Amino acid sequence: MKELNAYSKPAYGFSNTPFGECLIAFSDDGICALTFPEDRESGLLELERRFQNIKFTYDNYKAEKYVRQIFELKEMPELYLIGTPFQISIWEALQQIPKGKTSTYAKIAEVIGRPKAVRAVGSAIGANPIAFLIPCHRVLRTDGGLGGFRWGLEIKKKMLDWEIK
DNA sequence: ATAAAGGCCACCC
DNA sequence: GGGTGGCCTTTAT
């Protein structure tokens, strides 16, 4: 698993989005996390748990700038994916789902060539560290159900609605 | 090493 | 609608 090195200047900040306040973390290598925590403290705890031994500094100026870029200018920043090969293959597959379209957990399993690994796909999608930019909200159940969403199904619905217009 | 826990699915009732 | 068994990866014992 690739690590952020000491020279990549990892930092984080909070900023408001159409879906509530987000926690965004990044380094010179790109965005490594975008989450919608219940509160700032739990968001930070989760960040530290996930990227252990990486010390993020607080840089809300850059955080705000990224968020404007993403949600107002609608530009795609560079991403920095950290995960197992299996997870990364899935996160990359998710990025192929066009905006406003949806897929299913089973189809993603098919795309990455592991048709039996549907359940593991669900787990890997649940482990997605970069909400919205890695569009895990576009993945629904085969039976049409909404499936799950790490930060609450309300946000998943909002994201889907927001993209349609 | 092994167990337990998942954002699932097909199949049954 | 609800329950079961199988599937595969990750994380925690």
Side-chain angles (χ1 to χ4, degrees), chain A residues 1-5 10 12 14-15 17-27 29-56 67 70-71 76-77 79-165:
Chain A
M1 195 181 282
K2 209 173 166 190
E3 295 285 334
L4 297 177
N5 65 58
Y12 72 93
F14 297 93
S15 183
T17 76
F19 316 111
E21 184 178 73
C22 74
L23 163 59
I24 185 166
F26 44 86
S27 72
D29 298 309
I31 309 278
C32 63
L34 201 181
T35 65
F36 293 86
E38 285 292 316
D39 54 83
R40 293 186 171 199
E41 190 178 355
S42 63
L44 278 178
L45 281 176
E46 197 194 338
L47 185 70
E48 285 167 5
R49 183 170 54 78
R50 183 167 187 115
F51 303 102
Q52 305 182 17
N53 71 17
I54 296 173
K55 15 146 204 41
F56 293 89
V67 167
I70 295 164
F71 295 101
M76 185 60 145
L79 303 187
Y80 188 54
L81 272 40
I82 300 176
T84 66
F86 180 78
Q87 291 171 331
I88 291 190
S89 70
I90 284 160
W91 299 339
E92 284 175 345
L94 296 189
Q95 297 182 67
Q96 308 305 314
I97 309 172
K99 184 177 174 187
K101 300 269 198 160
T102 61
S103 185
T104 70
Y105 298 95
K107 281 183 196 162
I108 298 296
E110 196 76 41
V111 166
I112 64 164
R114 306 290 309 281
K116 302 269 190 62
V118 192
R119 183 134 194 206
V121 165
S123 301
I125 293 179
N128 169 30
I130 312 180
F132 189 74
L133 298 175
I134 296 176
C136 58
H137 58 283
R138 296 185 192 139
V139 186
L140 311 178
R141 295 182 53 121
T142 297
D143 63 17
L146 198 51
F149 195 68
R150 182 123 162 260
W151 302 283
L153 287 176
E154 281 309 307
I155 294 185
K156 185 169 185 174
K157 275 190 247 173
K158 271 189 199 163
M159 286 182 176
L160 288 168
D161 291 343
W162 191 78
E163 305 196 308
I164 286 173
K165 6 177 229 188

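In what follows, chains carry the letters A, B, and so on, assigned in the order in which the sequence lines appear, proteins first and then strands, with residues in each chain numbered from 1. Predicted model, so just to flag it, every value in this text is computed and none were measured.
- The side chain of A:T84 lies closest to C:dT10 when the candidates are C:dT10, B:dG7, B:dC9.
- The separation between A:N128 atom CG and C:dT10 atom P is 14 Å, rounded to whole Å.
- At a threshold of 4.0 angstrom between heavy atoms, the contacts of A:A117 are confined to the sugar-phosphate backbone, with no base atom among them.
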Evaluation steps, salt bridge (Lys or Arg N to Asp or Glu O under 4.0 Å), between A:K55 and A:E48:
CA-CA 8 Å; A:K55 15 146 204 41; A:E48 285 167 5; over 6 Å; no

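- With B:dC9, C:dT10, C:dC8 as the candidates, the nucleotide lying closest to the side chain of A:K116 is C:dC8.
- Separating the CD1 atom of A:I97 from the P atom of B:dG7 is a distance of 17 Å, rounded to the nearest angstrom.
- Residue A:W91 contributes atom CH2, which lies 13 Å from atom P of B:dG7 at whole-angstrom precision.
- Stacking of A:R40 on the aromatic ring of A:F14 is recorded, both the 6.0 Å distance cut-off and the 45° axial limit being met.
- Results of the side chain to side chain contact (heavy atoms under 4.5 Å, CB included) test with A:L94 over A:I130, A:V111, A:V139 single out A:V139 as the only residue that passes.
- Minimum atom distance to the side chain of A:R114 is reached by C:dC8, of the listed B:dG7, B:dA10, C:dC8.
- Between A:I90 atom CD1 and C:dT10 atom C1' there is a gap of 12 Å when expressed in whole angstrom units.
- Counting to the nearest Å, the P atom of B:dG7 and the CZ atom of A:F132 are 22 Å from each other.
- Nearer to the 5' terminus of DNA chain B, by closest-nucleotide assignment, is the contact made by A:A120 (compared with the other of A:A120 and A:K107).
- As a whole-Å value, the separation of A:I88 CD1 from C:dT10 P is 10 Å.
- Whole-Å rounding puts the A:I125 CD1 to C:dT9 C1' distance at 13 Å.
- Side-chain to base pairing of A:R119 with C:dG6: one donor and one acceptor N or O lie within less than 3.5 Å of each other.
- A salt bridge links A:E154 with A:K157: the closest approach of a Lys/Arg side-chain nitrogen to an acidic carboxylate oxygen falls below 4.0 angstrom.
- The aromatic rings of A:H137 and A:F132 sit parallel, their planes meeting at an angle under 30°, below the 60° perpendicular limit.
- Within the structure, every side-chain polar atom (N or O) of A:S123 is placed at least 4.0 Å from both OP1 and OP2 of C:dT10.
- With rounding to whole Å, A:F86 atom CZ is found 7 Å from C:dC8 atom C1'.
- Here C:dC7 sits opposite no nucleotide as a Watson-Crick or G-U wobble pair (both hydrogen-bonding atom distances under 3.5 Å).
- Searching all strands for a Watson-Crick or G-U wobble partner of B:dT2 with both distances below 3.5 Å returns C:dA12.
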